[in-house]
**Student:** 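Just passing along the structure, written as structure tokens.
For reference, positions follow the sequence shown, starting with 1. Order of listing sets the numbers, starting from 1, for every ligand and every atom in it. For the numbers below, each heavy atom of this structure counts, side chains included, while hydrogens, waters and symmetry mates do not.
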Amino acid sequence: MTLWGRLAIAMVLLVVATACALSLFAHYYLAGVAIAAVLALVLAAGIARSLSRPLTQMTRAVEGLSRGETVAIPSDGCGEIDGLAAAFAELTTQFGTKRDLLEKTVESNRDSVVVADENGVIVVANAAARRLLGVAPGFNSLTGTRTFACFLADDVTPMPIPDSPLARALRGENVDDFELAVQPEAPAARAHVVANARPLRDERGKLRGAVTILRDVTGQRRAHQALVDSEKMAQAIIKSSLDAFVQTDEDGVIMDWSPQAEALTGWTREEALGVKAVELLVPEPDRAAHRQRSALFLQEAAGGATGMRYETRALHRDRHEFMVEVSLTVLRRGDGYGYIVNAFVRDITQRRAAEEQLIQAQKMESLGQLTGGIAHDFNNMLTVITGTVEILADGVRDVPHLAKVTQLISEAADRGAQLTSSLLAFARKQPLQPAEIDVNELIREAVRLLSPPLGRQIEIETALSGEVWPAFVDSSQLTSALVNLAINARDAMPLGGRLTFATSNVTLGVPEAVASGVERAGDYVAIEVSDTGTGMPPRILDRIFDPFFSTKEVGQGTGLGLSMVFGFVKQSGGSVEVRSAEGRGTTFRIYLPKADASVLQPSAQDDPPVQGGHETILCVEDDRKVRDYVTIQLGSLGYQVIAAANADEAIAIINDGAAFDLLFTDVVMPGSMNGRQLAETVMAGRPSLRVLFTSGYTDGALPLQGRVGHGIPLLTKPYRRAELARMLRRCLDPAVDPAGDPIPLP
Ligand SMILES: Nc1ncnc2c1ncn2[C@@H]1O[C@H](COP(=O)(O)OP(=O)(O)OP(=O)(O)O)[C@@H](O)[C@H]1O
Ligand SMILES: [Mg+2]
């Protein structure tokens, strides 16, 4: 029954009771009034009770609800109250559902959400906030002791609590995108967060609390930092790279240009940016091919290929061309549209030159080995021929036609000897006798020698440096090298011209030494021989040092002149360079090592009459024919001879106690020791022993690659009887030669 129904019944009962009371008034007036009043009171109390109980229960429920408790809405079946309770229960359910949703939303948020009341006491802290900050509802954010170490304002400085975003919002401030770090207790890692905070006000605008939301951006920060680092690293690589770096878009328009690119090409960064690389760097004739190659490369890049390497010609700002190696990589642009092409460009001009130099050197080396080997055997044969033909000539002196024949043999053998000596010179195996020489003096002498054969049409000039250092070189070989160059110059100036000899001092550092091909970095004497002749095109220039290469008519040139010059200079530790252009003359530049001060002056060449002796000579020679010939020659000069075929045999003879005055040994010998080692071994027991070496060529057995310096006497094959006799006396006689110069003892 509804509340109004109940009230109506109570009123009716009151009226009925009043009517009854009035009718009985007469009899029971007082008693009736009393009963009616009691009834009315009981009824009113009952009604009041039934009205207030559900209301009280509802009030409690609302209070419970405001505390966040789940409450049951009472119902006593009474109409209006029941309806009110039902409507209220419905409202409560809806409110609870929304609150649940809100709570779950906040709780599950990945950002930390913290709500505090106006006193700073936390009323909401979701899971993320509890994890990050270690705070829970009930914690006073303004006064409580934190479980995390601190907020860091600039990643370093601890932040005072009043500066924290929540505290600022509690003072009524809006905080937007404020970056700070949270340093939890060790060992947890520092977190970087972005904070937003707002004050919370009621409908009257009174501050009731504040909310702060912290977004953890540690991951993004790390990723961003990694990106910054990698960009920095890429820039550092580009900066420190030896190669030039050029970046273009897919149309070849330059987007980046490193300082090395500026140095390599002559174009500054400002000039290069925005220009098409092909127009700046590629010589006109190569542009079409370059464009084709780029298009192909981009096509392949679309298919997944990422890199390419090639060598090409490049153009400098000053229009000179040079060789480069290009290494390309392609990247798809970040926005997905088009490509970026990164190129590292390396100047390989020097590498190419070095490769060509190496190939040339290897070619010369193998040619040298071949010619050297042949010349060595020839020399031994010629030694026998030139030696024995003299004996023959003595025997047939009275038979003119036979004497003529022996002379022909002798001349042919001489020419053969000349040829082998040229070949050995080229093969860098001719025995050299270097000494400290004054190149200016030698050139003056050579000019005197050359003037008549060069003729009047050729004017000889000298530009000799007064300060030039002495060179350490074989003077007779240097003279013949200069003569060779002069004759070539003459042939290149059929209508006359000017031949210039110049000298200077040069100090070569390692790169220059490598570039010019000398043995080592250091001081050199440079001799330049220039002519104003025809010059040479590159195809000839490439081959002029090859043995037997000649452009002269058959019979006019052997093609060995420059080969000898080349071999001799290289063997001397120097090098030879040539510059020439067709119609513009030629310049040969020879580098000779500077003599060190301790080198002995050479002894003057003398030509005394043949003089024999009576001493005993231990002759060691592996070639039987040569050994027999030498034995005969030594015998004819009056010497006693003990012959040995190799070092071991010689040592055995010595150990047997044979007495001898001089060891005459070939340098290059098969077996356990060469001539030099044999001499060293024997001299270890007999330091004063005289030694004379002989050799047709050297294979490095003598010090300094065949340069016999510092007083090792050497008789070069083939030799004549008179030379043998003279050298023996120089070794055996007291230590002054007929010219008065000291004779070096071994
Ligand atoms: N000064 C020069 N000017 C122009 N061409 C030269 C000059 N010197 C050398 N040549 C060229 O180099 C070639 C080789 O020279 P090289 O001296 O080795 O041999 P050759 O002169 O031909 O013969 P040979 O020296 O035996 O008489 C010459 O044939 C010539 O073509
Ligand atoms: Mg020549």
Side-chain angles (χ1 to χ4, degrees), residues 360-361 363-365 367-368 370-372 374-375 378 414-430 443 446-447 449-455 457-463 476-502 517 526-572 574-591:
Q360 179 73 3
K363 183 182 86 177
M364 293 306 215
E365 193 61 44
L367 273 175
L370 185 75
T371 38
I374 295 169
F378 262 109
D414 279 348
R415 279 206 304 279
Q418 242 171 33
L419 192 67
T420 52
S421 108
S422 308
L423 291 175
L424 285 172
F426 166 69
R428 298 181 225 170
K429 288 192 183 328
Q430 69 178 333
I443 288 171
V447 168
L449 206 90
L450 282 164
S451 291
L454 293 193
Q457 278 178 314
I458 292 172
E459 183 192 337
I460 305 180
E461 267 187 16
T462 52
S476 62
Q477 292 299 328
L478 178 58
T479 306
S480 72
L482 295 178
V483 169
N484 264 315
L485 295 176
I487 300 290
N488 281 349
R490 180 201 65 190
D491 294 347
M493 298 187 287
L495 303 175
R498 195 171 55 251
L499 171 66
T500 311
F501 290 92
I527 303 177
E528 270 192 7
V529 182
S530 322
D531 65 54
T532 54
T534 54
M536 288 169 270
R539 73 192 151 76
I540 290 186
L541 206 56
D542 284 349
R543 302 183 55 196
I544 54 171
F545 294 116
D546 294 0
F548 305 110
F549 173 80
S550 175
T551 57
K552 293 170 190 169
E553 282 179 18
V554 179
Q556 295 293 303
T558 61
L560 284 171
L562 287 180
S563 311
M564 281 162 61
V565 174
F566 173 85
F568 150 69
V569 174
K570 289 296 254 187
Q571 194 180 344
S572 303
S575 77
V576 55
E577 286 174 357
V578 57
R579 285 194 311 275
S580 185
E582 253 179 310
R584 301 227 298 271
T586 304
T587 298
F588 285 90
R589 188 177 171 87
I590 292 174
Y591 293 100

**Student:** Looking only at protein heavy atoms, which one is nearest to atom 22 (O) of ligand 1, and what is the separation?
**Tutor:** Ser550 OG, 2.6 Å
**Student:** Below 3.5 Å, N or O to N or O, backbone or side chain included: is there any such pair between Thr534 and ligand 1?
**Tutor:** no
**Student:** Which residue and atom name correspond to the protein heavy atom nearest atom 8 (N) of ligand 1, and how close is it?
**Tutor:** Asn488 CB, 3.3 Å
**Student:** Could you check whether any side-chain heavy atom of Phe568 comes within less than 4.5 Å of a side-chain heavy atom of Leu478, counting everything from C-beta outward?
**Tutor:** yes
**Student:** For the residue pair Pro453 and Leu449, what are the closest heavy atoms and their distance?
**Tutor:** CD-O, 3.4 Å
**Student:** Would you indicate whether the side-chain heavy atoms of Phe566 and Asp546 approach each other to under 4.5 Å?
**Tutor:** no
**Student:** Taking 4.0 Å as the limit for heavy-atom contacts, which would you say applies to Asp531 with ligand 1: side chain only, backbone only, both, or neither?
**Tutor:** side chain
**Student:** Please indicate whether any nitrogen or oxygen in Gly559 is less than 3.5 Å from any nitrogen or oxygen in ligand 1.
**Tutor:** yes
**Student:** Within the distance-only criterion (no hydrogens, no angle test), does the side chain of Thr534 pair as donor or acceptor with the backbone N or O of Gly583 below 3.5 angstrom?
**Tutor:** no
**Student:** Around atom 21 (O) of ligand 1, find the nearest protein heavy atom and jot down its residue, atom name and distance.
**Tutor:** Lys552 NZ, 2.5 Å
**Student:** Please identify which atoms of ligand 1 are closer than 4.0 Å to at least one heavy atom of Phe549.
**Tutor:** 14 (C), 19 (O)
**Student:** Tell me whether Lys570 contacts the main-chain N or O of Gly517 through its side chain, where contact means a donor paired with an acceptor under 3.5 Å.
**Tutor:** yes
**Student:** Run the numbers for me: atoms of ligand 1, each under 4.0 Å from some heavy atom of Gly557, listed by number.
**Tutor:** 23 (O), 24 (P), 26 (O), 27 (O)
**Student:** Counting each atom of ligand 1 from 1 as listed, which ones have a heavy atom of Ala492 under 4.0 Å away?
**Tutor:** 2 (C), 3 (N), 4 (C)
**Student:** Quick check for you: to the nearest 0.5 Å, what is the distance between Leu482 atom CG and Ile487 atom CD1?
**Tutor:** 11.5 Å
**Student:** Just distances here: any N/O of Asn484 and N/O of ligand 1 closer than 3.5 Å?
**Tutor:** no
**Student:** Working note: Phe545 + Val576, criterion side-chain contact (heavy atoms from CB on, under 4.5 Å); need CA distance, chi angles, decisive distance, verdict.
**Tutor:** CA-CA 10 Å; Phe545 294 116; Val576 55; 3.9 Å; yes
**Student:** Show the nearest heavy-atom pair for residues Phe549 and Ile544, with the distance to one decimal.
**Tutor:** CD2-CA, 3.8 Å
**Student:** Is the closest side-chain heavy-atom distance between Pro547 and Leu367 below 4.5 Å?
**Tutor:** yes
**Student:** Do any of the N/O/S atoms of Asn484, backbone or side chain, fall under 2.8 Å from the Mg ion (ligand 2)?
**Tutor:** no
**Student:** Ignoring hydrogens, just give me the one of Leu562, Ile544, Thr551, Leu560 whose non-hydrogen atom is nearest atom 30 (C) of ligand 1.
**Tutor:** Thr551
**Student:** Starting from atom 5 (N) of ligand 1, find the nearest protein heavy-atom neighbour and note its residue, name and distance.
**Tutor:** Met536 CG, 3.4 Å
**Student:** With nothing but distance in play, are any N or O atoms of Ser563 less than 3.5 Å from an N or O of ligand 1?
**Tutor:** no
**Student:** Return the residue, atom name and 0.1 Å-rounded distance of the protein heavy atom closest to atom 24 (P) of ligand 1.
**Tutor:** Thr558 N, 3.6 Å
**Student:** How long is the span from the OG atom in Ser451 to the CG atom in Leu499, to the nearest 0.5 Å?
**Tutor:** 9.5 Å
